[in-house]
K.L.:
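Just passing along the structure, written as structure tokens.
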Amino acid sequence: MIKYTIVIPHKNCPNLLARCLQSIPQREDIEIIIVDDNSDENIVDFEHFPGYTREGVNRVFSKKSGGAGFARNKGLELAKGKWILFADADDFYEPNAFNIIDDLVSEDIDMLYFTSISRNSETLQVSDERRVYSNEMVVNYIDKDLESDLKIRYHNSAPWNKVIRRDIITNHNIKFDEIKMNNDVFFSIKLGDVVENYKVVKRDLYCFTFRENSISTQKRLFKDENLLLVNRIRTNQFYNKKNSKILRRRYLGIFYTVYKRNGLIYFIK
């Protein structure tokens, strides 16, 4: 019986992926699915790809270059665990994370939210270079408070600070957008919308690492094709349907930032 499936998209950072794998305990009830999204063979040694000697690791090699959303969806198709976790290849879990998770997941919840910490990928020093935005929803969560409930359900877009019952994802056919950036936003919104019971723990179980050349930490300018049409407008329409002033108030600020840049979007993940 597989208890946890951990889905890890990977592209061109094998040493960091190996570090991520080392942070996950080797247990018979843990399955790891790595989806390599067409890495460069000049960077990655595919004959000695991380995890090739480890039991319980399923390695999938794709030539699609579909991005993290595609890789995560592929991992979900193959997952067997009762609970799903998502990790980025350049991040890792904090010590004893899974022992803590063992004590917290139970039959009466659909999802567990937890906090994460940000560190410099090379020095491992705690970093203030990248604010872990999704932490705010967990750190500031107040039990049975309406605003806290709405924010943690609908504004907590990171996929890696959650432990999710797999049948919640499959029963509602929730998938990641297969776009290059922001693929996790609507996945998390739809997930938060269908979850009935959840638990919140203010413990740093995951480490988000900061790298200068990481896609998710660079300042980028994008044309509005992907971020605006697929995520911003669609998400705003979703919030309008919820008829919640709390949700709309937060998102109007995002739209102001989007539009004031002369048709271009300035975005930091």
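This structure is a prediction, so every number in the text was calculated from the model and none was measured.
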K.L.:
If we only count heavy atoms from C-beta on, is the Leu85 to Tyr93 side-chain gap below 4.5 Å?
P.N.:
yes

K.L.:
Nearest 0.5 Å please: distance from the CG atom of Asn12 over to the CG atom of Asn38.
P.N.:
8.5 Å

K.L.:
Mind checking whether Phe46 and Phe49 have parallel, tilted or perpendicular rings, split at 30° and 60°?
P.N.:
parallel

K.L.:
Do you know which two heavy atoms are closest between Asp177 and Asn183, and how far apart they sit?
P.N.:
O-CB, 2.9 Å

K.L.:
Same cluster for Ile169 and Ile152 if Ile/Leu/Val/Met/Phe/Trp/Tyr side chains link at under 4.5 Å?
P.N.:
yes

K.L.:
Working note: Tyr141 + Tyr113, criterion ring pair (Phe, Tyr, Trp, His ring centres under 6.0 Å); need CA distance, chi angles, decisive distance, verdict.
P.N.:
CA-CA 10 Å; Tyr141 177 79; Tyr113 292 98; 8.0 Å; no

K.L.:
Kindly indicate whether the side chain of Ile117, heavy atoms from C-beta on, has any atom under 4.5 Å from the side chain of Cys207.
P.N.:
yes

K.L.:
How long is the straight-line distance from CG of Asp36 back to OG of Ser62, given to the nearest 0.5 Å?
P.N.:
8.0 Å

K.L.:
Consider only side-chain heavy atoms of I, L, V, M, F, W and Y, link residues closer than 4.5 Å, and tell whether Phe92 and Val35 are in one cluster.
P.N.:
no

K.L.:
Test of understanding: clusters of I, L, V, M, F, W, Y form through side-chain heavy atoms closer than 4.5 Å, transitively. Do Phe98 and Ile100 belong to the same one?
P.N.:
yes

K.L.:
Which atom pair, heavy atoms only, marks the closest approach of Ser116 to Asp204?
P.N.:
O-OD1, 3.4 Å

K.L.:
When you measure from the side chain of Thr209 to the backbone N and O of Asp90, does any donor-acceptor pair fall under 3.5 Å?
P.N.:
yes

K.L.:
Report the C-alpha distance between Arg119 and Glu94 in whole Å, list the side-chain angles of each, state the deciding distance to 0.1 Å, and finish with yes or no for salt bridge (Lys or Arg N to Asp or Glu O under 4.0 Å).
P.N.:
CA-CA 11 Å; Arg119 299 180 186 273; Glu94 290 290 291; 3.6 Å; yes

K.L.:
A side-chain contact here means heavy atoms from C-beta on lying under 4.5 Å apart; do Pro50 and His10 qualify?
P.N.:
no

K.L.:
If you measure from OG on Ser148 to CZ on Arg153, what distance do you get to the nearest 0.5 Å?
P.N.:
12.0 Å

K.L.:
Looking at Arg166 and Gly81, would you say the former's side chain and the latter's main chain have a donor-acceptor pair under 3.5 Å?
P.N.:
yes

K.L.:
Nearest 0.5 Å please: distance from the NZ atom of Lys199 over to the CD1 atom of Ile109.
P.N.:
5.0 Å

K.L.:
Evaluate the side chain to side chain contact (heavy atoms under 4.5 Å, CB included) criterion for residues Arg19 and Leu124: first the C-alpha distance (whole Å), next the side-chain angles of each, then the deciding distance (0.1 Å), finally the verdict.
P.N.:
CA-CA 12 Å; Arg19 180 180 67 183; Leu124 298 185; 3.7 Å; yes

K.L.:
Does NZ belonging to Lys80 count more than 12 external heavy atoms closer than 6.0 Å?
P.N.:
no

K.L.:
What's the verdict on salt bridge (Lys or Arg N to Asp or Glu O under 4.0 Å) for Asp88 and Arg72, showing C-alpha distance, side-chain angles and the deciding distance?
P.N.:
CA-CA 10 Å; Asp88 287 348; Arg72 288 169 177 149; 2.8 Å; yes

K.L.:
List the steps and the verdict of side chain to side chain contact (heavy atoms under 4.5 Å, CB included) for Lys82 and Arg165.
P.N.:
CA-CA 6 Å; Lys82 180 176 181 178; Arg165 286 179 65 101; 3.9 Å; yes

K.L.:
So if I apply the side chain to side chain contact (heavy atoms under 4.5 Å, CB included) rule between Ile142 and each of Asp145, Asn140, Leu146, which one comes out positive?
P.N.:
Asp145

K.L.:
Side chain to side chain contact (heavy atoms under 4.5 Å, CB included) between Phe61 and Val44: does it pass, once the steps are laid out?
P.N.:
CA-CA 12 Å; Phe61 300 99; Val44 177; over 6 Å; no

K.L.:
Which pair of heavy atoms, one from Asn120 and one from Thr123, lies closest together, and at what distance?
P.N.:
OD1-N, 3.0 Å

K.L.:
In the structure I gave you, are the side-chain heavy atoms of Ile30 and Pro25 within less than 4.5 Å of one another anywhere?
P.N.:
yes

K.L.:
For residues Asn161 and Asn156, is any side-chain donor paired with an opposing acceptor at under 3.5 Å?
P.N.:
yes

K.L.:
Under a 4.5 Å cut-off applied to non-hydrogen side-chain atoms, are Asp102 and Tyr4 in contact?
P.N.:
yes

K.L.:
Are the side chains of Thr115 and Val139 in contact, using a 4.5 Å heavy-atom criterion?
P.N.:
yes

K.L.:
Can Asp110 and Tyr198 be counted as having a side-chain donor-acceptor contact under 3.5 angstrom?
P.N.:
no

K.L.:
Should Trp83 and Trp160 be regarded as members of a common hydrophobic cluster, given that ILVMFWY residues are connected when their side-chain heavy atoms come within less than 4.5 Å of each other, either directly or indirectly?
P.N.:
yes

K.L.:
Under the criterion salt bridge (Lys or Arg N to Asp or Glu O under 4.0 Å), I'd like the reasoning laid out for Asp184 against Lys162: C-alpha separation, chi angles, the key distance, then a yes or no.
P.N.:
CA-CA 12 Å; Asp184 47 11; Lys162 306 171 177 70; over 6 Å; no

K.L.:
To the closest 0.5 Å, what do you measure between CG (Asp91) and CZ (Phe86)?
P.N.:
14.5 Å

K.L.:
Does a side-chain heavy-atom distance below 4.5 Å link Ile24 with Ile8?
P.N.:
yes

K.L.:
Apply ring pair (Phe, Tyr, Trp, His ring centres under 6.0 Å) to the pair Tyr206 and Phe114, showing each step before the final yes or no.
P.N.:
CA-CA 8 Å; Tyr206 183 89; Phe114 54 84; 7.1 Å; no

K.L.:
So which atom in Asp167 and which in Thr170 form the shortest heavy-atom distance, rounded to 0.1 Å?
P.N.:
CA-OG1, 3.2 Å

K.L.:
Between Ile101 and Leu205, what is the shortest heavy-atom contact and its length?
P.N.:
CG1-CD1, 3.8 Å

K.L.:
Are Leu16 and Leu21 linked, directly or through other ILVMFWY residues, by side chains that come within less than 4.5 angstrom of each other?
P.N.:
no

K.L.:
Between Arg54 and Gln22, does a side chain to side chain contact (heavy atoms under 4.5 Å, CB included) hold up when you go through it step by step?
P.N.:
CA-CA 10 Å; Arg54 177 169 168 170; Gln22 289 173 359; over 6 Å; no

K.L.:
Return yes when atom NZ of Lys175 has more than 12 non-hydrogen atoms of other residues, nucleotides or ligands closer than 6.0 Å, and no otherwise.
P.N.:
no

K.L.:
Please check this pair: side chain of Lys3 against backbone of Asp29, looking for a donor-acceptor N/O pair closer than 3.5 Å.
P.N.:
no

K.L.:
Rounded at 0.5 Å granularity, tell me how far CD in Glu31 sits from CD1 in Ile6.
P.N.:
9.5 Å

K.L.:
Using 4.0 Å as the upper bound for N to carboxylate O, is an ion pair formed by Glu178 and Lys74?
P.N.:
no

K.L.:
Got Arg203 and Leu104 here, is their nearest side-chain heavy-atom distance under 4.5 Å?
P.N.:
no

K.L.:
Grab the two heavy atoms, one from Ser188 and one from Ser157, that are nearest each other, plus how far apart they are.
P.N.:
OG-O, 2.9 Å

